[in-house]
Amino acid sequence: MTAQIIDGKALAQDIRQQIRQQVAQLGPQAVPGLAVILVGDDPASQIYVRHKVRACEEVGMRSIAQRHPADLAESQLLEHLDTLNRDPAIHGILVQLPLPAHISAERVIDAIAPEKDVDGFHPVNAGALLGGRPGLRPCTPLGCMRMLASIGLTDLGGRSAVVIGRSNIVGKPMALLLLAANATVTICHSATPNLAQVTRQADILVAAAGRAGMVSGNMVKPGAVVIDVGINRGADGKLCGDVDFAAVREVAGAITPVPGGVGPMTIAMLLANTLDAARRSAA
Ligand code: NAD
């Protein structure tokens, strides 16, 4: 039996449609606004920024894309952020990562007003997630949770979840969201021995290592739900995830494809966070 495919593209489209209606209901005086800042000319980042701005416009939100040269001084970037923090028409601010080496990503993230931090990376939002308090959650893990919910998995009590990857933007917040949904969570990373032994225990396996095809069929428990966050270029030059899709779909109960899985959900959650931030600012 082959696994159910969780179609992130279709799910994201539904969510965007709902957001469009909610934005329309807010009316012209309360249009949510998102500012996306890109420093430098990394080709992948340029594509991401274009997608984010377009997605924003499609749901009727206002968007500003600031594109700066790679040699922008950190102090100048901080000044731009200060202006956006004080702009009442802007409810969400996102600085596309990675930043050039001379700019501290930490100082930049810290300079975004927490209530406008739609990426959910600010320490105030990270702390809120850790403490189970309201706040803006990182988009990619949030999208993964929505994908689980789409197949009826909301309360994960009694289930074992394994996350491969411990980054601040994916692995750690992913683990905390799974924990908040009552899963029994294990985090694996590059220093984890016997990875397959751990992953084979997972009812829910989230791969976020950035290693093309590293999750093979024999690392997956039969019937498990496998969420593939990875975005890699395979040897053939094509986009692929961290999961060996062809092999794992023969073992798993449900699986997300790459492309068309977590990626589109991340953008949908960015819109959801921007709407959320706009509503909170109006409350
Ligand atoms: P990262 O490089 O910051 O973190 C990777 C993590 O994986 C690290 O914690 C590392 O310890 C772990 N890891 C690496 N190799 C491993 C191995 N062989 N075994 C076990 N653990 C290993 O990356 P990130 O920013 O967390 O992103 C992870 C992947 O997700 C990348 O492919 C990235 O492109 C992708 N990504 C996708 C989206 C999306 O919207 N789909 C969003 C963000 C990141």
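When a ligand or atom number is given, it counts from 1 through the structure's own listing order.
- Listed as neighbours of ligand 1 are T140, I164, G165, R166, S167, I169, V170, H189, S190, L195, A208, A209, G210, R211, M214, V229, G230, I231, N232, V262, G263, T266, each bearing a heavy atom under 4.0 Å from the ligand.
- Judged as a ring pair (Phe, Tyr, Trp, His ring centres under 6.0 Å), the pairs with a partner in residues 38-68 (not counting sequence neighbours) are, in order, H68-H80.
- With respect to I227, the side-chain contact (heavy atoms from CB on, under 4.5 Å) criterion is satisfied by exactly one of L148, V243, L205: L148.
- Annotation: salt bridge (charged side-chain N to carboxylate O under 4.0 Å, His left out) contacts involving residues 11-35, sequence neighbours excluded, comprise R16-E58.
- Within the structure, no pair that satisfies the salt bridge (charged side-chain N to carboxylate O under 4.0 Å, His left out) test touches residues 182-192, not counting sequence neighbours.
- Rounding to the nearest 0.5 Å gives a distance of 10.5 Å between NZ of K52 and OG1 of T274.
- A salt bridge does not link E115 with R280: every distance from a Lys NZ or Arg NE/NH1/NH2 to an Asp or Glu carboxylate oxygen is 4.0 Å or more.
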